[in-house]
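I have placed the structure first, in the form of structure tokens, so that the comments after it can refer back to it.
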Amino acid sequence: QVQLVESGGGLVQAGGSLRLSCLASLSAFDSYVMAWFRQAPGKEREFAAAIRRSSFSTYYADSVKGRFTISRDNVKNTVYLQMNSLKPEDTAVYYCAAGSTPTRAQNEYPYWGQGTQVTVSS
């Protein structure tokens with residue numbers, strides 16, 4: 001059974017940092033594109049970042065570019081999201097997802113975690 005388990009969320013002041021982790025129970029983890037999405041209160045879920053399989057090419061939403069960094073450890077079956085210079089508008093539930101294409105389209109990712117809450121206070 002495929003499981004994606006996020007961790008690392010919490011409460012942080014504006015300007016602070018957090019690192020999210022997502023442990024994936026996927027065979028051939030390094031064959032998947034991994035992504036982070038987020039859903040703010042009252043808003044639709046949106047793309048944040050994605051990383052290709054072994055090429056390590058990365059993609060970011062404009063809203064997080066320059067502040068967030070996605071990375072992966074194919075030995076540990078884990079993908080990370082380092083979030084720096086956090087803003088109150090980054091407050092959201094952050095979801096990890098796995099798919100085959102580095103797209104912003106949520107329906108292209110068949111596997112999802114349950115999410116982890118990130119709250120940024122002003």
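What you see is a predicted model, and the numbers here were worked out from it, not measured in a lab.
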Sub-4.5 Å side-chain heavy-atom contact between [X] and [Y]:
X      : Y     : answer
Asp73  : Tyr80 : yes
Arg19  : Leu81 : no
Gln117 : Tyr94 : no
Arg38  : Ser63 : yes
Val79  : Cys96 : yes
Lys76  : Phe29 : no

Testing the basics here: between [X] and [Y], what is the closest heavy-atom pair and its distance to 0.1 Å?
X      : Y      : result
Lys43  : Gln39  : O-NE2, 3.1 Å
Glu6   : Gly115 : OE1-N, 2.9 Å
Pro110 : Ala98  : CD-O, 3.1 Å
Tyr109 : Gly99  : CD2-N, 3.6 Å
Asn84  : Ser17  : OD1-OG, 2.9 Å
Leu26  : Asn77  : O-ND2, 3.3 Å

Are [Y] and [X] connected into the same hydrophobic cluster when the rule is that any two of I, L, V, M, F, W, Y join if their side-chain heavy atoms are below 4.5 Å apart?
X     : Y     : answer
Val93 : Leu20 : no
Ile51 : Tyr60 : yes
Ile70 : Val33 : no

Exercise. How are the rings of Phe37 and Trp112 set to each other: parallel, tilted or perpendicular (split at 30° and 60°)?
Worked result: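 Because their plane-to-plane angle lies in the 30° to 60° range, the rings of Phe37 and Trp112 count as tilted.
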
Exercise. Is the Tyr32 ring parallel, tilted or perpendicular to the Tyr111 ring (thresholds 30°, 60°)?
Worked result: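 Taking Tyr111 first and then Tyr32, their aromatic rings stand perpendicular (interplane angle over 60°).
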
Under 3.5 Å, is there a donor-acceptor pair between the side chain of [X] and the main chain of [Y]?
X      : Y      : value
Gln106 : Arg45  : yes
Arg53  : Ser100 : yes
Ser85  : Arg67  : no
Thr103 : Thr101 : no
Thr91  : Val120 : yes

Could you state the interatomic distance from [atom1] ([X]) to [atom2] ([Y]), rounded to the nearest 0.5 Å?
X      : Y      : atom1 : atom2 : answer
Trp36  : Tyr95  : CH2   : OH    : 12.0 Å
Leu4   : Ser25  : CG    : OG    : 6.5 Å
Arg72  : Ser21  : CZ    : OG    : 14.0 Å
Thr119 : Asp90  : OG1   : CG    : 11.0 Å
Phe47  : Arg104 : CZ    : CZ    : 5.0 Å
Cys22  : Met34  : SG    : CE    : 4.5 Å

